[in-house]
Amino acid sequence: MRTVEFLDAVKKRHALQSDYAVAKLLGWRISRVYEYRGGHRELDDEGCVQVAVALDLPPPYVMACIAAARAKDATIKKYWQTAAKLLKSGTA
């Protein structure tokens with residue numbers, strides 16, 4: 001998953017109607033959400049943890065997903081995706 005997908009999941013999970021409500025829930029400025037929505041950046045580590053808590057997911061899983069999204073090399077991306085799957089299932 002990428003940052004925008006995680007933001008959409010937060011919105012859905014908490015039945016939020018706007019990105020402003022997502023920002024408020026996570027304690028962010030709305031401009032931060034807009035930067036993510038615009039594809040200008042991915043979540044930082046702190047953001048990964050905040051999103052993970054909001055979604056009741058393991059923070060390392062969210063961090064691995066975002067590392068995969070950032071990866072330029074296909075092999076590295078695949079390793080991060082594999083790590084994310086293991087972390088989500090709890091087998092890592």
Side-chain angles (χ1 to χ4, degrees):
M1 288 178 68
R2 297 187 66 96
T3 296
V4 172
E5 294 168 302
F6 280 117
L7 294 177
D8 289 341
V10 169
K11 189 184 267 189
K12 182 177 180 181
R13 170 97 186 252
H14 293 275
L16 302 173
Q17 299 299 315
S18 67
D19 284 336
Y20 176 79
V22 171
K24 187 172 181 178
L25 176 78
L26 296 173
W28 298 347
R29 293 182 184 159
I30 187 62
S31 60
R32 183 173 177 179
V33 176
Y34 290 155
E35 286 180 14
Y36 293 141
R37 290 268 182 217
H40 301 290
R41 63 185 229 188
E42 298 286 344
L43 288 166
D44 58 19
D45 291 342
E46 182 180 313
C48 286
V49 172
Q50 292 168 314
V51 165
V53 168
L55 294 173
D56 197 27
L57 291 170
Y61 163 71
V62 177
M63 295 170 99
C65 287
I66 297 305
R70 285 189 194 119
K72 306 286 189 225
D73 181 88
T75 302
I76 301 300
K77 180 182 284 288
K78 184 177 178 184
Y79 287 142
W80 277 119
Q81 289 169 335
T82 300
K85 287 177 190 173
L86 294 171
L87 290 164
K88 187 173 184 182
S89 68
T91 59

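- Arg13 meets the side-chain hydrogen bond (donor to acceptor under 3.5 Å, both in side chains) test with no other residue; sequence neighbours excluded.
- The hydrophobic cluster containing Leu86 does not contain Tyr79, counting ILVMFWY residues as joined when their side-chain heavy atoms lie under 4.5 angstrom apart, directly or transitively.
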Report task. Take Leu25 and Lys11 through the test side-chain contact (heavy atoms from CB on, under 4.5 Å) and record every step on the way to the result. Result -> CA-CA 9 Å; Leu25 176 78; Lys11 189 184 267 189; over 6 Å; no
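- For the side-chain hydrogen bond (donor to acceptor under 3.5 Å, both in side chains) test, residues two or more places apart in sequence or in another chain that qualify with Asp8 are Arg37.
- Put simply, Tyr20 and Val10 are part of the same group of oily side chains (I, L, V, M, F, W, Y) that touch within less than 4.5 Å, one to the next.
- Note: the hydrophobic cluster containing Met63 does not contain Leu87 (ILVMFWY, side chain heavy atoms under 4.5 Å, direct or indirect links).
- Residue pairs that meet the side chain to side chain donor-acceptor pair (under 3.5 Å) test with at least one member in residues 46-74, sequence neighbours left out, are Trp28-Gln50.
- Under the side-chain contact (heavy atoms from CB on, under 4.5 Å) criterion, Ala69 pairs with Arg2, Glu42, sequence neighbours left out.
- We find the CG-CG distance between Leu43 and Leu7 to be 6.0 Å, quoted to the nearest 0.5 Å.
- When the side-chain hydrogen bond (donor to acceptor under 3.5 Å, both in side chains) test is applied to Glu5, no partner is found at least two apart in sequence or on another chain.
- The list of salt bridge (Lys or Arg N to Asp or Glu O under 4.0 Å) pairs with a residue in residues 27-36, not counting sequence neighbours, reads Arg32-Asp44, Glu35-Arg41.
- Grouping the Ile, Leu, Val, Met, Phe, Trp and Tyr side chains by contacts below 4.5 angstrom, directly or via other members, places Val62 apart from Val4.
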